[in-house]
Participant: 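Dumping the structure here so I can ask a few things about it.
For the numbers below, each heavy atom of this structure counts, side chains included, while hydrogens, waters and symmetry mates do not. Keep in mind it's a predicted model, so treat the numbers as computed, not measured.
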Amino acid sequence: MTDRIIDIRDLHKSFYEQQVLRGVTIGIERGRITVIIGKSGIGKSVLFKNLMGLQKPDRGEILYDGRDVVQMNERELLAMRRDIGYLFQEAALFDSLTVEENVAFPLEEMLRWDDRRAVKERVNEMLELVDLPEAHHKYPAELSGGMRKRVGLARALATGPKIVLFDEPTTGLDPVLSQSIDELILKVNRTLGVTCLIISHDIQAAFHIADTIAFLHDGVIEASGTPREMREARHPVLRLFMENAMDCHDNGTAVRS
């Protein structure tokens, strides 16, 4: 029996007449890397918002360590969110703060650390982990896209989360920088044992770093398995999606989600 940190069961979410999630069921294994793929507008980000308790599903369960997120009150949601780091698609750094101040922000504002030496040591540790040991006093405008992603990841990891959610971590990056972010995700997973849940359009990355890949289509998980199982899957829509995504990758065209 697998050790699941998240268990989503029959999740439904609509916005007025538009059904986005129509019965999503998926288990996320603790300490592993799971990548959810799917075409633009299919509901990947909605799934993340429901998981974080930022939206309420119409019905279904989201079990986090055995506790139903849907039934949590605000105090319980805040406690649960402290276990979760989030890397935003564009990193979402504070422009007026230095790299050091950005990484320190959740320690000071969420965890209420008031020991400056402890904060400094934690920031140093995180920037070392993401290979930016000399970036403390730079501002986001002085950083490349790849560096901003790394700072965003350092900030997401600073509080010691059990799970990190990655929203399109390689969007807007060239192939070389994309590969460096993929390798960083693998490093974080292997070094810290953090569960990584990723939504991505990057098929190459998914097959490179994932332990499990899940294909979200028409509001449900149509197929899931190891990279090898997904490569061999005969699901016609999955095959078409993968072929189109690979063609776009080979032609140098960005696939947005």
Participant: Please identify each residue that fulfils side-chain contact (heavy atoms from CB on, under 4.5 Å) with Lys187, with sequence neighbours left out.
Facilitator: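 Lys187 satisfies side-chain contact (heavy atoms from CB on, under 4.5 Å) with Leu129, Asp131, Leu184, Thr191 once adjacent residues are dropped.
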Participant: Enumerate the salt bridge (Lys or Arg N to Asp or Glu O under 4.0 Å) contacts for residues 64-75, please, sequence neighbours excluded, ordered by first and then second residue.
Facilitator: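 Listed by first then second residue: Arg30-Asp65, Asp65-Lys162, Glu74-Arg81.
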Participant: So Phe215 and Ile36, do their side chains get closer than 4.5 Å, heavy atoms only?
Facilitator: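 In short, these two side chains do not touch, never coming nearer than 4.5 Å.
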Participant: Taking C-beta and beyond as the side chain, do Leu127 and Pro133 meet within less than 4.5 Å on heavy atoms?
Facilitator: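 When only atoms from C-beta onward are counted, Pro133 and Leu127 do not touch, as no gap falls below 4.5 Å.
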Participant: Can Lys13 be said to sit on top of Phe15's aromatic six-ring, NZ or CZ under 6.0 Å from centre and within 45° of the ring axis?
Facilitator: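 Ring-cation test returns yes.
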Participant: If you count heavy atoms of other groups shown closer than 6.0 angstrom to CZ of Arg239, is the number above 12?
Facilitator: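 Check passes, neighbour count above 12.
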Participant: Mind checking side-chain hydrogen bond (donor to acceptor under 3.5 Å, both in side chains) for Lys120 and listing every partner two or more places apart, or none if nothing turns up?
Facilitator: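 With sequence neighbours excluded, Lys120 shows a side-chain hydrogen bond (donor to acceptor under 3.5 Å, both in side chains) to Glu100, given in chain and number order.
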Participant: Would you call Ile185 and Pro169 a side-chain contact if the rule is heavy atoms closer than 4.5 Å?
Facilitator: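 Result yes, sub-4.5 Å side-chain heavy-atom pair found.
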Participant: Using side-chain hydrogen bond (donor to acceptor under 3.5 Å, both in side chains) as the criterion, list what pairs up with Ser178, not counting sequence neighbours.
Facilitator: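 Listed in chain order: nothing, the list is empty.
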Participant: Among all residues two or more places apart in sequence or in another chain, which pass the side-chain hydrogen bond (donor to acceptor under 3.5 Å, both in side chains) test with Glu128?
Facilitator: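 By the side-chain hydrogen bond (donor to acceptor under 3.5 Å, both in side chains) rule, Glu128 matches no residue at all.
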Participant: How would you list, by chain and number, every residue that makes a side-chain contact (heavy atoms from CB on, under 4.5 Å) with Met147, sequence neighbours excluded?
Facilitator: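 For Met147, the residues satisfying side-chain contact (heavy atoms from CB on, under 4.5 Å) (neighbours in sequence not counted) are Leu132, Leu143, Ser144.
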Participant: Not counting sequence neighbours, which residues clear side-chain contact (heavy atoms from CB on, under 4.5 Å) with Met110? List them please.
Facilitator: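 Partners of Met110 by the side-chain contact (heavy atoms from CB on, under 4.5 Å) criterion, ordered by chain and then number, come out as Arg82, Pro106.
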Participant: What residues, two or more places apart in sequence or in another chain, satisfy salt bridge (Lys or Arg N to Asp or Glu O under 4.0 Å) together with Lys138?
Facilitator: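 Per chain and number, Lys138 pairs via salt bridge (Lys or Arg N to Asp or Glu O under 4.0 Å) with no residue.
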Participant: Taking side-chain contact (heavy atoms from CB on, under 4.5 Å) as the test, write out the residues that go with Arg117, two or more places apart.
Facilitator: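 Here the qualifying residues are Asp115, Glu121.
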Participant: Run the salt bridge (charged side-chain N to carboxylate O under 4.0 Å, His left out) check on Asp114 and Arg112 step by step: do they pass?
Facilitator: CA-CA 6 Å; Asp114 56 8; Arg112 301 298 182 186; over 6 Å; no
Participant: Check whether the side chains of Tyr64 and Asp7 place a donor and an acceptor atom closer than 3.5 Å, and report yes or no.
Facilitator: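 No donor-acceptor contact under 3.5 Å links the two side chains.
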Participant: State which residues pass salt bridge (Lys or Arg N to Asp or Glu O under 4.0 Å) with Glu222; sequence neighbours excluded, sorted by chain then number.
Facilitator: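 In terms of salt bridge (Lys or Arg N to Asp or Glu O under 4.0 Å), with neighbours along the sequence ignored, Glu222 is linked to no residue.
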Participant: I'd like to know whether CD of Glu134 has more than 12 heavy-atom contacts from other residues, nucleotides or ligands below 6.0 angstrom.
Facilitator: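 No, because the 6.0 Å sphere around CD of Glu134 holds 12 heavy atoms or fewer from other groups.
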Participant: If you link ILVMFWY side chains whenever their heavy atoms are less than 4.5 Å apart, which other residues fall into the same cluster as Leu97? By chain and number, please.
Facilitator: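 Listed partners: Phe94, Phe105.
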Participant: Given a cutoff of under 4.5 Å between side-chain heavy atoms of I, L, V, M, F, W and Y, with clusters grown through shared members, what are the other residues clustered with Tyr139?
Facilitator: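 Under the 4.5 Å side-chain rule, Tyr139 groups with nothing.
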Participant: When you compare the side chain of Leu47 with that of Ile8, does any pair of heavy atoms fall below 4.5 Å?
Facilitator: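 Of all side-chain heavy-atom pairs linking Leu47 with Ile8, at least one is under 4.5 Å.
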